[in-house]
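Beneath this line is the structure, given in structure tokens, with notes to follow.
The figures that follow rest on heavy atoms only: side chains count, while hydrogens, waters and symmetry mates do not. Every chain is numbered from 1, with letters handed out A, B, ... down the list of sequences.
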Amino acid sequence: MRRRHVPVGRRILEQNIKARYHARDIGTEDALHLFDELLPYAGRSSIHAINCLLTVVGRDCPALGASLFNRVARSKVAPSSITYAILVDCCCRAGRQDLGHTAMGQVIKMGFLADAMITFSHLLKAICAENKTSYAMDILLRIMPMFNCVPDVISYNILFKGDCNEKRSQEALELIQVMVEHGGGCQPTVVSYSTVIDGLLKEGEVNKAYSLFCQMLQRGISPDVVTCSSIISGMCKLHAMDKAEEVLQQMLD
DNA sequence: TTAGGGTTAG
């Protein structure tokens with residue numbers, strides 16, 4: 001197959017953008033200038049560099065990120081599934097969850113299903129942030145599978161956090177047990193356990209939190225500094241100093 | 001082969 005010719009100047013610019021993105025060496029202003037420089041003569045190979053720039057701008061100013069997406073859509077460059085993931089995140093963080101849903105619909109329509117769960121996860125996070133975790137749960141358990149989109153552990157972790165923020169850590173605890181028993185390849189990780197343990201402690205459930213910590217150890221999942229900081233802090237606040245010391249000792253071991 | 005998603009304390 002013949003390699004498509006890419007102008008040298010454009011290729012250098014794209015490589016420069018990717019390298020600087022990787023080195024975390026692009027600020028929002030830089031990204032905007034680079035975007036203006038690249039877009040007029042961008043081609044098929046440019047979408048990776050454009051995604052880097054959208055990410056930088058969107059982190060700082062999601063509404064601006066979404067408006068840059070519109071400029072990409074009007075250009076010769078086809079947005080990729082990753083571009084849509086960035087867009088959905090920008091829309092949600094700009095307070096336009098409705099537009100996030102619309103963009104999600106576009107992702108499904110275009111058949112970007114392999115990556116759709118990451119795009120969905122931005123929506124799930126936004127829905128949970130509005131204390132509508134039950135609705136997020138419905139999307140995860142019912143809607144996502146309708147599109148052959150299998151939720152992964154990060155999608156579940158977003159829901160665990162949502163439940164805990166709504167003071168419903170018991171539901172998160174039940175869901176973690178469902179994952180263990182029926183999750184197949186999608187098993188809770190150290191982040192899942194840390195999130196739910198923290199939620200239980202914030203609701204005063206010392207014994208349940210400690211049992212879950214023990215289950216985690218039994219299943220061969222090592223606690224990290226987040227797990228331990230959370231447990232020690234939580235248990236001290238609840239005056240469960242004996243258990244806090246046990247956890248500290250396990251950490252030292 | 002890479003650009004996009006998850007946890008704590010203060």
Side-chain angles (χ1 to χ4, degrees), chain A residues 14-15 17-24 26 31 34-35 38 42 45-59 62 65-66 68-69 72 77-93 100 103-104 107 112 114-129 133 136 140 144 149 151-165 169 172 176 179 186 188-202 209 212-213 216 221-237 244 247-248 251:
Chain A
E14 288 165 6
Q15 284 172 352
I17 290 168
K18 287 185 254 181
R20 286 182 62 193
Y21 179 83
H22 188 70
R24 299 183 175 278
I26 307 184
L34 290 164
F35 184 87
L38 176 59
S45 69
S46 310
I47 194 62
H48 183 160
I50 288 174
N51 287 340
C52 294
L53 298 175
L54 289 179
T55 301
V56 171
V57 174
R59 266 184 204 145
L68 292 189
F69 172 87
V72 176
V77 193
S80 68
S81 60
I82 295 179
T83 322
Y84 277 97
I86 300 164
L87 173 67
V88 170
D89 184 40
C90 283
C91 291
C92 291
R93 284 188 301 109
M104 187 72 236
V107 168
F112 288 142
D115 292 325
M117 67 185 165
I118 296 185
T119 320
F120 263 119
S121 71
H122 293 298
L123 267 186
L124 294 175
K125 194 175 168 185
I127 293 166
C128 289
T133 305
L140 182 131
M144 287 173 72
C149 181
D152 66 358
V153 66
I154 297 187
S155 316
Y156 277 95
N157 289 346
I158 292 168
L159 263 71
F160 292 143
K161 182 73 182 147
D163 274 332
C164 293
N165 286 343
S169 55
I176 226 173
M179 267 178 100
C186 182
T189 63
V190 61
V191 176
S192 323
Y193 280 105
S194 300
T195 305
V196 179
I197 288 170
D198 186 68
L200 288 166
L201 287 171
K202 283 183 174 144
L212 193 59
F213 177 67
M216 175 183 172
I221 295 168
S222 302
D224 61 12
V225 65
V226 176
T227 328
C228 294
S229 306
S230 168
I231 291 182
I232 292 167
S233 152
M235 290 195 172
C236 288
K237 279 179 190 159
V247 173
L248 187 57
M251 241 179 115

Q. Which residues satisfy the ring pair (Phe, Tyr, Trp, His ring centres under 6.0 Å) test with A:Phe35, sequence neighbours excluded?
A.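 Per chain and number, A:Phe35 pairs via ring pair (Phe, Tyr, Trp, His ring centres under 6.0 Å) with no residue.
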How many Å lie between [atom1] on [X] and [atom2] on [N], as a whole number?
| X | N | atom1 | atom2 | value |
| --- | --- | --- | --- | --- |
| A:Glu14 | B:dT1 | CD | P | 14 Å |
| A:Arg93 | B:dG5 | CZ | C1' | 11 Å |
| A:Phe112 | B:dG5 | CZ | P | 18 Å |
| A:Tyr193 | B:dT8 | OH | C1' | 18 Å |
| A:Leu124 | B:dT7 | CG | P | 13 Å |
| A:Met104 | B:dG5 | CE | P | 15 Å |
| A:Ile118 | B:dT2 | CD1 | C1' | 12 Å |
| A:Leu68 | B:dA3 | CG | C1' | 15 Å |

Can you tell which of [options] lies closest to the side chain of [X]?
| X | options | answer |
| --- | --- | --- |
| A:Ile82 | B:dA3, B:dT8, B:dA9 | B:dA3 |
| A:Met117 | B:dG5, B:dG10, B:dT2 | B:dG5 |
| A:Lys125 | B:dA3, B:dG5, B:dG10 | B:dG5 |
| A:His22 | B:dT8, B:dA3, B:dT7 | B:dA3 |
| A:Val191 | B:dT8, B:dG5, B:dT7 | B:dT7 |
| A:Thr55 | B:dA3, B:dG10, B:dG5 | B:dA3 |
| A:Asp198 | B:dG5, B:dT2, B:dT8 | B:dT8 |
| A:His122 | B:dG5, B:dG10, B:dT8 | B:dG5 |

Q) Is the backbone N or O of A:Gly58 less than 3.5 Å from a side-chain atom of A:Arg93, with the two atoms forming a donor-acceptor pair by type? A)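 Yes: the side chain of A:Arg93 pairs with the backbone of A:Gly58.
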Q) Is the side chain of A:Asp152 donor-acceptor paired with the backbone N or O of A:Ser155 at a distance under 3.5 Å, no angle test? A)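 Present.
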Would the base of [N] count as contacting [X] through its side chain, where contact means a donor and an acceptor less than 3.5 Å apart?
| X | N | value |
| --- | --- | --- |
| A:Asp89 | B:dG5 | no |
| A:Ser230 | B:dT8 | no |
| A:Thr195 | B:dT7 | no |

Q.
Whether A:Lys18 contacts B:dT1 is assessed here as follows: a side-chain N or O lying under 4.0 Å from the phosphate OP1 or OP2. Is that the case?
A.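 The answer is no; no side-chain N or O of A:Lys18 sits under 4.0 Å from OP1 or OP2.
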**Q.** Phosphate contact (B:dA9 OP1 or OP2) by A:Lys202 side-chain N/O below 4.0 Å
**A.**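 Affirmative; the distance criterion is met.
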**Q.** salt bridge (charged side-chain N to carboxylate O under 4.0 Å, His left out) contacts touching residues 155-165 of chain A (sequence neighbours left out)
**A.**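 As it turns out, the salt bridge (charged side-chain N to carboxylate O under 4.0 Å, His left out) pairs with a partner in residues 155-165 of chain A, which skip direct neighbours, are A:Asp163-A:Arg168.
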Q: Assess whether side-chain contact (heavy atoms from CB on, under 4.5 Å) is satisfied between A:Met179 and A:Val153, documenting all intermediate values.
A: CA-CA 9 Å; A:Met179 267 178 100; A:Val153 66; 3.9 Å; yes
Q. For A:Thr189, which contact category applies under a 4.0 Å heavy-atom criterion: base, sugar-phosphate, or nothing?
A.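 Base: the residue A:Thr189, judged by heavy atoms under 4.0 Å, touches a nucleobase.
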Q) Just checking A:Ser155: base, sugar-phosphate only, or nothing, at a heavy-atom cut-off of under 4.0 Å? A)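 Contact class for A:Ser155: base.
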(Q) Give me the atom names and distance for the closest heavy-atom approach of A:Ser192 to A:Phe160. (A)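 Taking A:Ser192 first and A:Phe160 second, the nearest heavy atoms are CB-CE1, 3.8 Å.
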